[in-house]
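Note that these values count all heavy atoms, side chains included, but never hydrogens, waters or copies made by symmetry. These numbers were taken from a predicted model, which means no experiment stands behind them.
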Amino acid sequence: LLPTQVGHAKGTAMTAASGDAPGAVTFGPYLPMQAGTYEVTLEYSSSAPAGKPVGRLDVHSSHAGTLAMADLVGTAGEADRVSVRFTVRRDSPQWEFRTLWNGTGSISIDSLTLSTG
């Protein structure tokens, strides 16, 4: 499991709900990455109504800043996924993938997958 600032582990998922402060449900893992094109896919669900903003996924490094982001919206409790493609211009030592929750409804981060291409 990735580190969290808010919420807690529930099985293999990280969750945040009413009573938890808004913030980073997951962040890290501070991976070194070589120059190239990548895609990160987040599988999640939210109790908020479909389409209501609940947060965002972003791709960040201490060297390059935030390279890409995608909005996370309510799913009415159904599983959904969002993907972000990004390009690393030069080798860099610390990359993280952050799921930031705005405190609306509940959210469950079920998996995060990084792939090349």
Side-chain angles (χ1 to χ4, degrees):
L1 293 174
L2 292 173
T4 185
Q5 289 179 328
V6 301
H8 61 279
K10 184 176 181 181
T12 59
M14 294 301 296
T15 64
S18 179
D20 292 325
V25 179
T26 62
F27 61 96
Y30 303 107
L31 292 173
M33 296 180 72
Q34 296 178 340
T37 300
Y38 299 87
E39 183 174 73
V40 63
T41 300
L42 175 74
E43 294 185 11
Y44 77 105
S45 62
S46 169
S47 67
K52 184 170 182 73
V54 298
R56 77 169 190 258
L57 164 67
D58 71 24
V59 176
H60 184 84
S61 87
S62 57
H63 170 73
T66 300
L67 274 190
M69 66 180 75
D71 292 332
L72 301 179
V73 297
T75 67
E78 299 297 318
D80 201 357
R81 69 176 54 195
V82 63
S83 295
V84 175
R85 291 180 60 85
F86 62 100
T87 300
V88 175
R89 300 274 180 226
R90 63 182 179 152
D91 295 2
S92 183
Q94 288 195 346
W95 286 87
E96 66 176 315
F97 312 103
R98 304 182 296 196
T99 55
L100 306 170
W101 176 61
N102 66 14
T104 301
S106 63
I107 192 165
S108 176
I109 307 303
D110 300 313
S111 72
L112 186 76
T113 306
L114 177 66
S115 57
T116 58

- Item | Val82-Trp101 co-clustered via ILVMFWY side chain contacts under 4.5 Å | yes
- Keeping to residues at least two apart or across chains, list the salt bridge (charged side-chain N to carboxylate O under 4.0 Å, His left out) pairs with something in residues 99-117. none
- Query: Considering residues at least two apart in sequence or located in another chain, which fulfil the salt bridge (Lys or Arg N to Asp or Glu O under 4.0 Å) criterion with Arg85?
  - Reply: none
- Query: If you look at every heavy atom in Ala35 and Arg89, which pair is closest and at what distance?
  - Reply: CB-O, 3.7 Å
- Message: The criterion is side-chain hydrogen bond (donor to acceptor under 3.5 Å, both in side chains); which residues satisfy it with Ser83, sequence neighbours excluded?
- Response: Thr41
- Item | Derivation and outcome, side chain to side chain contact (heavy atoms under 4.5 Å, CB included), residues Val73 and Tyr44 | CA-CA 10 Å; Val73 297; Tyr44 77 105; 3.9 Å; yes
- Task: To the nearest 0.5 angstrom, please state how far the CZ atom of Arg81 sits from the OG1 atom of Thr113.
- Result: 7.5 Å
- Calculate, to the nearest 0.5 Å, the distance between atoms CD and CG belonging to Gln5 and Asp20 respectively. 12.5 Å
- Query: Hey, what do you get for CE (Met14) to OG (Ser111), rounding to the nearest 0.5 Å?
  - Reply: 14.0 Å
- Item | With Val84 via side-chain contact (heavy atoms from CB on, under 4.5 Å) - residues at least two apart | Val40, Leu57, Val59, Ala68, Ala70
- Message: Could you report the tightest heavy-atom contact between Val6 and Ala16, atom names first, then the distance?
- Response: CG2-CB, 4.4 Å
- Query: Would a 4.5 Å heavy-atom cut-off, applied to side chains only, mark Gln94 and Ser62 as touching?
  - Reply: yes
- Item | Any residue meeting side-chain hydrogen bond (donor to acceptor under 3.5 Å, both in side chains) with Ser46, in chain and number order, not counting sequence neighbours | none
- Query: So, for Gly77 and Ser45, which heavy atoms are closest and what is the spacing to 0.1 Å?
  - Reply: O-CB, 4.1 Å
- Query: Can any side-chain N or O of Thr4 pair as donor or acceptor with the backbone N or O of Val25 at less than 3.5 Å?
  - Reply: yes
- Item | Chi angles and distances behind the side chain to side chain contact (heavy atoms under 4.5 Å, CB included) call for Leu114, Phe97 | CA-CA 9 Å; Leu114 177 66; Phe97 312 103; 4.0 Å; yes
- Item | CG-CG distance between Leu42 and Leu72, expressed to the nearest 0.5 angstrom | 6.0 Å
- Check side-chain contact (heavy atoms from CB on, under 4.5 Å) between Gln34 and all other residues, then give those that pass, not counting sequence neighbours. Tyr38, Asp91
- Contacts satisfying salt bridge (charged side-chain N to carboxylate O under 4.0 Å, His left out) that involve residues 61-70 (not counting sequence neighbours) are none
- Task: For Ser47, check side-chain contact (heavy atoms from CB on, under 4.5 Å) against everything at least two apart and list the hits.
- Result: Ser106
- Residues which pass salt bridge (Lys or Arg N to Asp or Glu O under 4.0 Å) with Glu39, listed by chain and number, not counting sequence neighbours: none
- Going from NZ on Lys52 to CG on Asn102, what distance comes out if it is rounded to the nearest 0.5 angstrom? 8.5 Å
- Would you mind listing every salt bridge (charged side-chain N to carboxylate O under 4.0 Å, His left out) that reaches into residues 70-80, with sequence neighbours excluded? none
- Message: Looking at every non-hydrogen atom in both residues, tell me the closest pair between Thr104 and Ala48 and how far apart they are.
- Response: CG2-CB, 4.1 Å
- Step-by-step side chain to side chain contact (heavy atoms under 4.5 Å, CB included) determination, Trp95 to His60: CA-CA 6 Å; Trp95 286 87; His60 184 84; over 6 Å; no
- Distance from Phe86 atom CZ to Leu67 atom CG, nearest 0.5 Å? 7.5 Å
- Message: Let me check something: do Val88 and Leu31 share a hydrophobic cluster, defined by ILVMFWY side-chain heavy atoms less than 4.5 Å apart, either directly or through other members?
- Response: yes
- Message: Restricting to side-chain contact (heavy atoms from CB on, under 4.5 Å), what partner residues turn up for Leu2, sequence neighbours left out?
- Response: Thr26, Pro29, Leu112
- Residues two or more places apart in sequence or in another chain: which of them pass salt bridge (Lys or Arg N to Asp or Glu O under 4.0 Å) with Asp58? Arg56, Arg98
